[in-house]
Amino acid sequence: MLRMSTLFLRTLREDPADAEVPSHRLLVRAGYVRRVAPGVFSWLPLGYLVYRNIENIVRDEMNRAGFQEVHFPSLLPREPYELTGRWTEYGDTLFRLQDRRKGDYLLGPTHEEMFTLLVKGEYSSYKDLPLVIYQIQTKFRDEARPRAGILRGREFVMKDSYSFDIDDAGLEYSYQRHRDAYVDTFTRLGLEFVIVSAMSGAMGGSASEEFLATTEVGEDTFVRCTACDYAANVEAVVTPAPAAADYSSVPKAHAEQTPNTPTIASLVGLSNERADLARADRPWTAADTLKNIIFMVKGPGGVETALAVGLPGDREVDLKRLEAILEPGVPRPFEEPDFTKYPTLMKGYIGPAALGEANSSGIKYLVDPRVVTGTRWITGADAAGSHVYDLVAGRDFIPDGVIEVAEILAGDSCPKCGQGLEIARGVEIGHIFQLGRKYAQALGLKVLDENGELVTVTMGSYGIGVSRAVAAVAEQSHDDKGLIWPREVAPADLHLIATGKDDAPFEAAELLAGQLEAAGVRVLYDDRRAVSPGVKFNDSELIGVPTIVIVGKRLVEGFIEVKDRRTGERTDIAIADAVSALVAVCE
RNA sequence: CGGGCUGUGGCGCAGUUUGGUAGCGCGUCCGGCUGGGGGCCGGAAGGCCGCAGGUUCAAGUCCUGUCAGCCCGACCA
C-alpha cells in the first residue's frame, strides 16, 4: 500500500517554467519525474511504478510471442561499431568516452552490432534458426536538441529485438510476428496509434514501418485517409496519377510576353488581368502553372549533378521528401553561380524546352505524378519576361520521368480509396525494420545451410520506446486537471482519500485499504491528517489513478463515494459492500 | 549549427528602463484555528541575484566577456 503521508512525493501547484507539452508538464507537476540535465530525467516512486508497468507489459508481450530476453551493457567498446562504420556514421549523436588507458568506448545508442556478434559467437547452423532475442535497455543519444521532457530525451529506455533468419521468407515471418506483437502491446497500453510505412514506395512495401502514437505534439508528420485505413509517412505517400487527358481541342502552344512575372503569383495575376491571356471559362490558378525548380545533387562520390523538378505551381517541393528519395545523394538549392554554368536556363522563366537530357541544358527533368500526358500548362519560355501557354505534356514536351516530391496538402487524394487525406502528427513509439544482411555481412555472421554451404544470416531489428511510451500515454490521456492513466499502467488501482477532522473516516479508510490490498487491489491511500480536502482532491486528479474513493462526510450514513477519474462520474456505495464493489470496479 | 528568449531562496515570478542595505506567491518549519475543492491567523528558516572582469563612493540593476537553460528551425535508429 502506498501512503501519501510517507510517499516520496511533492506535487507542484504551478507548471514548471521549462515544460511546454502536456506530458512533460503533468509528469513533473504530479511528481513522477524530475529533470537532472537536458534530456535526462529521474523517476520518482509514482513515475517508476508507471514506467515498470509499461516495461512489464512490453516484456510480457515479447515473451508471449516467444522471444527471449537478454541484457547487454550500455558501456560498449569501439571496435564493433568501427567494423560497421557507425563509429563515424553516428557522428555527434554518439556518446563517446575513454577509459583510463585512453581506450575508446561508447554508450550504446542501439545494439545491432552486439546482438549480431553474440549470435555469431554461439550459433553456426541453420538448424539454430530462426531466433529472436531482445533486451530492455537504457540507450544514449546525444541529440542536438532534446525536448518535450520524457518524449525526446538523451537517455531513454528502449526495447530492442533482433531476428535472425536463414532466408527472406523467414525474415518476413519474424517481421510479421513483431508487427502483431506490437499491435497487441500498444493496444494494451491504451494508446491510439497508426502504423505507417516508413520508406518511400520505391524502396518496397513492408521493409520498414513505424508505429506512431497520435498526438499533436508529435514530431513526425504523417497522413491518413479520412475514409479508409490508409496511413503513411509523408515521405512515403504515393500521389495517384490521374488518367491521361484528351488534348485534341487544346490549341497549339504559344509563347507570350509576360513582363515582370518571375513568381507564380505574379504570373497568375497577369494572366487573369490581360484579356488576351485570360481563360473564358474560369480564372487561371496557380495549379495551371508548371513550376520548374533546379537542384544540385551531390552524389556519393562527391560529384554534383543538376536535377530539374517540375510540379504544379500551387505546390512547393517538400525538402524532406526530396532528400528521402535522393538518398544517399544530398540536394542543395540552385544558386546564382550555377546559372552561369547553364546559360540556356533563364532564372524565373525556366521551361521544359530547355530541360531534359535531350535538350539544351541536358539536365534530367522529372515531374510530379500529376503532370500526365494531355495536361496543359503555363510555364516558362526560357526567356526573360516570357511564358508559354497551352503547353501540353506528352505533345509539346516529354519529361525524363516522374518524381514524388511535392508537398502533401490536406485534402489530397488517398492512393488507396481516392478520398481526402488529412495531415496529422504522432510520436514514434515503435519501429520495425527488415535490416537484411548489412550487419551480418559487416560482422561475418554466417551459418552452414542444409547443403553445408556458408550463408550470411538475414536480420530484422525492432524497437519500442519504453520510457517514451510513458509520456505518449500521458500525452493522449489527461485533462486540464491532471493525468488519467489506463488502469493497467496506473501507479495504483484506487486512490483512497480519507477526509474529516474526526478519527472515524481514517479508521474506516484504513480498514478498507487493508481489505482491498488483501483482495489484490493496488491502493494509494491518502492518510494525511492535516491536509485539507481540497488539496487531496486536487492531488488525486493530478496524479491520475483511474478510480478515486472518498471516505468522508457521508460515512455517518454508511456510504463512501466512488469517482471515475476519466468521466468524473460519482456514485455512492454502502461501506458494507465496498470491498466487493471496488474489486469489481478494478477488474 | 542558425534565430529568439531567460538566468534572482526548493518551485513560479517581480525588481534591471532611472544604480542607494533583495521582495512577492507557493512550498518548508513552529503555534493556533479550520475541516468537501490547493482555507485562515501569528511566528520562523532559507539567497555567491549563473560565472568572471570592469565602471562607480555604491552594481541584481550600467559595460565587456563567458557559461548554462528553454523555445522555434536544421538534425533525429
Side-chain angles (χ1 to χ4, degrees), chain A residues 9-21 24-25 28-29 31 34-40 81 84 86 89-94 108-113 115 137 139-149 151-154 156 158-162 198-199 208-211 217-221 235 319-320 323-324 330 332 427-435 438-439 460-465 468 481-482 497-506 526 528-542 548 550-556 560-561 563 568 570:
Chain A
L9 170 72
R10 190 108 306 159
T11 57
L12 272 39
R13 187 192 297 238
E14 286 159 304
D15 282 336
D18 59 357
E20 296 283 317
V21 304
H24 187 191
R25 271 191 354 245
V28 172
R29 265 191 68 201
R34 288 291 182 261
R35 193 191 84 104
V36 171
V40 181
Y81 288 79
T84 56
R86 292 214 290 183
E89 257 175 38
Y90 239 101
D92 291 336
T93 307
L94 196 63
T110 174
H111 282 70
E112 278 83 0
E113 286 82 352
F115 273 84
Q137 240 294 11
K139 308 283 184 182
F140 298 87
R141 291 183 197 172
D142 192 2
E143 301 282 358
R145 183 153 101 80
R147 68 186 93 178
L151 270 181
R152 180 173 164 90
R154 296 192 297 169
F156 56 96
M158 182 164 105
K159 185 288 303 178
D160 53 330
S161 39
Y162 302 85
M199 292 188 137
S208 173
E209 288 169 296
E210 287 176 2
F211 290 70
V217 304
E219 344 174 50
D220 293 314
T221 304
E235 286 86 351
L319 289 176
K320 283 194 164 184
E323 283 164 11
V330 180
R332 66 166 176 85
V427 28
E428 183 182 354
I429 46 172
H431 194 164
I432 53 178
F433 186 34
Q434 295 189 18
L435 272 184
K438 176 181 172 185
Y439 291 92
S461 86
Y462 316 89
I464 288 180
R468 176 180 277 184
K481 295 193 172 93
I497 295 172
T499 72
K501 60 176 176 177
D502 306 321
D503 291 339
F506 288 87
D526 196 341
R528 295 175 294 178
R529 292 298 292 255
V531 174
S532 73
V535 174
K536 293 185 174 184
F537 296 149
N538 283 320
D539 273 349
S540 72
E541 278 153 346
L542 182 58
I548 297 165
I550 302 152
V551 181
K553 63 182 181 186
R554 295 216 58 202
L555 182 66
V556 289
I560 62 174
E561 295 152 68
K563 186 166 80 171
R570 294 159 175 266

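First the proteins, then the strands, lettered A, B, ... as listed; each starts at 1.
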>> By nearest atom, which of the nucleotides B:C72, B:C11, B:G37 is closest to the A:R147 side chain?
In response: B:C72
> Partner of B:U61 by Watson-Crick or G-U wobble geometry, both contacts under 3.5 Å, or none?
Replying inline: none
>> For a quick check of understanding: with a heavy-atom distance under 4.0 Å over all strands, which category does A:G552 fall into, base, sugar-phosphate or nothing?
In response: base
> Expressed as a whole number of Å, how far does the C1' atom of B:G47 sit from that of B:G7?
Replying inline: 14 Å
>> Checking contacts here: which listed nucleotide (B:C76, B:G36, B:G73) is nearest the side-chain heavy atoms of A:E219?
In response: B:C76
> In the strands shown, is B:C33 matched to any nucleotide by a Watson-Crick or G-U wobble pair with both distances under 3.5 Å, and which?
Replying inline: B:G39
>> Taking only the P atom of each, what is the distance from B:G9 to B:C49 in whole angstrom?
In response: 9 Å
>> Under 4.0 Å, heavy atoms only, any strand: does A:K563 hit a base, just the sugar-phosphate, or nothing?
In response: base
> What integer distance in Å separates A:R528:CZ from B:G27:C1'?
Replying inline: 13 Å
> Between B:A45 and B:G25, how far is it from one P atom to the other, in whole Å?
Replying inline: 16 Å
> Roughly how far apart, to the nearest Å, are B:G15 and B:G50 at atom P?
Replying inline: 14 Å
> When you measure from the side chain of A:D18, which nucleotide among B:C76, B:C70, B:C71 comes out closest?
Replying inline: B:C70
>> Measuring only the P atom in each nucleotide, how far is B:G65 from B:C24? A whole number of Å is fine.
In response: 36 Å
>> I'd like the P distance from B:C57 over to B:G42, given in whole Å.
In response: 44 Å
> Is the side chain of A:R35 donor-acceptor paired with the backbone N or O of A:V40 at a distance under 3.5 Å, no angle test?
Replying inline: no
>> Please give the distance between the C1' atoms of B:G69 and B:U17 as a whole number of Å.
In response: 25 Å
>> In whole Å, I'd like the distance from the CZ atom of A:R35 to the P atom of B:G69.
In response: 7 Å
> From B:C72, B:G12, B:G36, pick the nucleotide closest to the side chain of A:A17?
Replying inline: B:G12
> Is A:R86 touching bases, backbone alone, or none of the nucleic acid, heavy atoms closer than 4.0 Å?
Replying inline: nothing
>> Using the C1' atom as the point on both nucleotides, what is the distance between B:U16 and B:U8, in whole Å?
In response: 11 Å
>> Counting the atoms with a prime plus P, OP1 and OP2 as sugar-phosphate, which does A:T11 contact under 4.0 Å by heavy atoms, base, sugar-phosphate, or nothing?
In response: base
> Could you give the CD-to-C1' distance, from A:E20 to B:U6, as a whole number of Å?
Replying inline: 13 Å
> Do A:E112 and A:K438 sit within salt-bridge range, that is, some charged N less than 4.0 Å from a carboxylate O?
Replying inline: no
> Given B:G73, B:C76, B:G25, which nucleotide is nearest the side-chain atoms of A:E143?
Replying inline: B:C76
> What is the distance, rounded to the nearest whole Å, between atom CZ of A:R10 and atom P of B:C26?
Replying inline: 16 Å
> Rounded to whole angstroms, how far apart are CD on A:E561 and C1' on B:G36?
Replying inline: 8 Å
>> What's A:R34 touching, base or sugar-phosphate or nothing? Going by heavy atoms closer than 4.0 Å.
In response: nothing
>> Does A:E428 reach a base, just sugar-phosphate, or nothing at all? Heavy atoms under 4.0 Å.
In response: base
> Quick one: A:E14 CD to B:G25 C1', roughly how many Å, whole number?
Replying inline: 7 Å
> Whole-Å distance between B:C26 C1' and A:D15 CG?
Replying inline: 13 Å
>> Which nucleotide wins on minimum distance to the side chain of A:K553, given the candidates B:C11, B:G36, B:G37?
In response: B:G36
> A:F115 vs A:H111 aromatic rings, parallel, tilted or perpendicular, using cut-offs 30° and 60°?
Replying inline: perpendicular
